[in-house]
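One-based numbering, in listed order, for ligands and for the atoms of each.
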Amino acid sequence: MKILKVDHIGIAVNNIEQAKALYTDILGIPHAGSETVAEQKVTTAFFPVGEAEVELLESTAPDGPIAKFIESKGQGIQHIAFRVENIEQALEELKAKGVRLIDEKPRRGAGGAKIAFLHPKSTFGVLVELSER
Ligand code: ZN
């Protein structure tokens, strides 16, 4: 398995429109686009910084994973995403090495990427996303 780079850092916020102003107006980072991923009950907005991106995440439903995250931990960094060359192969290898997976099979993420999450119990408390695009 090959990890190519940090793809993005996912940040959970209550209100993307409000948070967006920090990244664009104050930090001067361009807004590369927004997308709602219905099956994950989330709206995302991307802000490219060099080789990586900041991904803002706002829940579209009170029972969505981002709403639940904010409820228990407050707004802030929710996950870190690594870009991999081949996500199916990476998941197989990690499973064989005893890493607990949230997603055994990749699902569709923002921007048409194939994504899968590793369980924070296996990664020292960090929700790790693998992404292939
Ligand atoms: Zn992400």
Review point. Hey, is there an N, O or S on D7 sitting under 2.8 Å from the Zn ion (ligand 1)?
Key: no
To the Zn ion (ligand 1), the closest N, O or S atom belonging to E55 is OE1
- Task: Report the C-alpha distance between H31 and F47 in whole Å, list the side-chain angles of each, state the deciding distance to 0.1 Å, and finish with yes or no for ring pair (Phe, Tyr, Trp, His ring centres under 6.0 Å).
- Result: CA-CA 5 Å; H31 172 223; F47 303 86; 5.2 Å; yes
Check your understanding: Should K114 and E88 count as an ion pair when the cut-off is N to O under 4.0 Å?
Key -> yes
Query raised in the report: Taking 4.0 angstrom as the limit, do R133 and D7 come out as a salt bridge?
Result: yes
Is L91 reachable from I80 through a run of hydrophobic residues whose side-chain heavy atoms are each under 4.5 Å from the next?
yes
With rounding to 10 degrees, H79 NE2, the Zn ion (ligand 1) and H8 NE2 define an angle of 110°
The Zn ion (ligand 1) -> E129, closest N, O or S atom is OE1
